[in-house]
2 protein chains.
Amino acid sequence: MKMVKKASVEPSQTRPMRADGQRKMAALLEAAIQVFARSGVDAPVREIAEAAGVGLGTVYRHFPQRSDLIVAVFQGQVKACADAAAVIARKYEPAEALSRWMQRYVDFLGTKQGLAAALHSGDPAYSALPEYFDQHLRPALNGLLDEAVRAEAIRSGIEAKELLGAVGTLCCQGPHMDIGSARRMVSLLVDGMRYGAIKQEEPA
Amino acid sequence: MKMVKKASVEPSQTRPMRADGQRKMAALLEAAIQVFARSGVDAPVREIAEAAGVGLGTVYRHFPQRSDLIVAVFQGQVKACADAAAVIARKYEPAEALSRWMQRYVDFLGTKQGLAAALHSGDPAYSALPEYFDQHLRPALNGLLDEAVRAEAIRSGIEAKELLGAVGTLCCQGPHMDIGSARRMVSLLVDGMRYGAIKQEEPA
DNA sequence: TTGCAAGCGGAACCATGTTCCATTATTGTT
DNA sequence: AACAATAATGGAACATGGTTCCGCTTGCAA
């Protein structure tokens, strides 16, 4: 059992991807990044295939579901967003940290045309997305939430999953996608949590 | 110039709709109500046509855009929701009235599978919806908002349109559409407005 | 060099929204 | 009552976009 070098994505216990396969996959990822940025995450698959100089079948071979492609493209940024929580928590007091991280998440979603919408579409083609996001972001948010509650800066009893979902929906105001509006509404949401805090602070 | 009886929808300054036309239109509306309730507002047009025992062409003759059909089906309920604002305002203090009306709106949107999503989809087929909703609901909400601000129960500077949009998005959590979650998040939003009020009340 | 499984391309299929037009039905007029 | 004008109908046809399928090609190990 020789361990040949593995491609970034490989089924365990099996041979590594063929060289040309890896090449196409990389081209696909590259193209998807471009196309998603230009036309949003709901760009036609054909468009991505063409941009990558690849057949449709090849797209589906590497990314059986549309959402697999999206996850592949954004996983780095999702992780970065999750990691930002700890950094922010170190710099600010709990409630402020929570607020800032929420805005950080808004900034991420808000600049990916169609991502937020896809996240909540319920379209089976995107089914893997909510799971992926929740799995990675919930722990991060939960940490911030716990600290803020412990500091009595916000009310308790808020579900991270619910909050995450709310931010996601607030970021999908159609195509006009006014990120400023999303930011204001999320800010209102955070203030709502402060309103029920044990220690009632003076609002700015 | 004899005023013949007019169909519910008729271009001004023109002959009334033919008798069979009115019949089909009524059947269509009837069927749409059923189908929307059963399969959501994004049900295939063909399904509605079939349910009404009508050809596809007939659907598009009476409702050139998909959204026209939706508006026709829900206009009564939208108006009722708008009218509820005045009633509620008479019964409760300003902030409470605002809160209750917002929940009223959530209840409306939340029980119409897919309506909230359509409202924010940006899909040109639904383009008339946001306009219609905004036009009818904004004045209602503005009244409540003004009173609450005047009573110094909430902060000022909140845009009714933005708030309406936010509630709409919060109501489209995919198909699972947990109305409880939407209610909690909207409640948080309202509390957020209270947090910035001049007179800071004691939270419950 | 050669055999074969991995990988490829894109035609074909399905679902859905929308348009078009030959056919049918209603209605005011004669 | 018969007719002409035209409103209204139904559904085939077109467009778009996701997904599947399969015969051909190619990298790789023997």
Side-chain angles (χ1 to χ4, degrees), chain A residues 1-2 4-7 9-11 14-28 31-32 35 39-70 114 118 121-129, chain B residues 1-2 4-7 9-11 14-28 31-32 35 39-70 114 118 121-129:
Chain A
M1 168 191 169
K2 50 187 172 179
V4 203
K5 87 163 189 282
K6 318 155 94 173
V9 175
E10 93 292 22
T14 197
R15 256 191 299 179
M17 199 183 302
R18 238 169 58 177
D20 59 342
Q22 295 181 37
R23 247 183 339 243
K24 297 280 178 180
M25 183 138 180
L28 221 25
V35 173
S39 315
V41 299
D42 39 8
V45 176
R46 283 170 174 79
E47 191 179 333
I48 299 168
E50 186 174 16
V54 144
L56 261 181
T58 305
V59 179
Y60 281 93
R61 153 165 288 265
H62 291 297
F63 304 97
Q65 301 216 230
R66 214 185 144 61
S67 53
D68 294 330
L69 189 48
I70 298 177
S121 66
D123 185 326
Y126 294 121
S127 63
L129 276 186
Chain B
M1 172 190 174
K2 50 187 173 178
V4 204
K5 88 159 188 286
K6 319 155 93 174
V9 175
E10 93 292 23
T14 197
R15 257 191 296 180
M17 200 182 300
R18 239 168 59 176
D20 59 342
Q22 294 183 38
R23 256 190 323 261
K24 297 281 179 181
M25 182 138 179
L28 221 26
V35 172
S39 314
V41 300
D42 41 7
V45 175
R46 281 169 175 79
E47 190 179 333
I48 298 169
E50 185 174 17
V54 143
L56 260 182
T58 306
V59 179
Y60 281 93
R61 154 165 287 264
H62 292 296
F63 304 97
Q65 303 215 229
R66 212 186 146 61
S67 54
D68 295 328
L69 188 48
I70 298 178
S121 65
D123 185 327
Y126 295 119
S127 63
L129 276 186

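Atom set for the values below is all heavy atoms of this structure, side chains included, hydrogens, waters and symmetry mates excluded. Every chain is numbered from 1, with letters handed out A, B, ... down the list of sequences.
Put simply, CD on Gln65(B) and CD1 on Ile70(B) are 10.5 Å apart, with the number rounded to the nearest 0.5 Å.
If you take CE of Met25(B) and C1' of dT9(D), they are 15 Å apart, rounded to a whole angstrom. Atom CZ of Phe63(A) and atom C1' of dC8(C) are 15 Å apart (whole Å). Atom CE in Met17(B) sits about 15 Å away from atom C1' in dT27(C), given to the nearest Å. Put simply, CD on Gln22(B) is 9 Å from P on dT27(C), counting in whole angstrom units. Rounding to whole angstrom units, OH of residue Tyr126(A) and P of dG18(D) are separated by 7 Å.
Regarding contacts with the backbone of dG7(C), every side-chain N or O of His62(A) stays at 4.0 angstrom or more from both OP1 and OP2. A sub-4.0 Å separation between OP1 or OP2 of dA8(D) and a side-chain N or O of Thr58(B) is absent.
Scanning both residues, Gln22(A) and Met17(A), for their nearest heavy atoms gives NE2-O, 3.1 Å. Between Leu28(A) and Thr58(A), the shortest heavy-atom contact is CD2-O, 4.2 Å. The two atoms that bring Ser121(A) and Tyr126(A) nearest to each other are OG-CD1, 3.3 Å, heavy atoms only.
For Arg18(B), the side chain to side chain donor-acceptor pair (under 3.5 Å) partners two or more places apart in sequence, or in a different chain, are Asp20(B). Every residue was checked against the side chain to side chain donor-acceptor pair (under 3.5 Å) condition with Ser127(B), not counting sequence neighbours, and none meets it. Taking the side chain to side chain donor-acceptor pair (under 3.5 Å) definition, one finds that Tyr60(A) meets it with nothing, sequence neighbours left out.
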Name the atoms and distances for all side-chain donor-acceptor pairs under 3.5 Å in residues 41-53 of chain B, with sequence neighbours left out.
residue, atom, partner, partner atom, Å
Glu47(B), OE2, Arg38(B), NH1, 3.2
Glu47(B), OE2, Ser39(B), OG, 3.1

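Considering only side-chain atoms of Lys24(B), the nucleotide from dG9(C), dC8(C), dG10(D) that sits closest is dG10(D).
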Grab the N/O contacts between the protein and nucleotides 19-25 of chain C below 3.5 Å, and write none if there aren't any.
residue, atom, partner, partner atom, Å
dA25(C), N3, Arg18(B), NH1, 3.4

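The side-chain heavy atoms of Lys24(A) and Arg61(A), taken from C-beta on, include no pair separated by under 4.5 Å.
Scanning residues 41-51 of chain A for heavy-atom distances under 4.0 Å to DNA chain C yields Arg46(A).
Judged by closest nucleotide on DNA chain C, Arg61(A) is the one of Arg61(A) and Arg66(B) placed further toward the 5' end.
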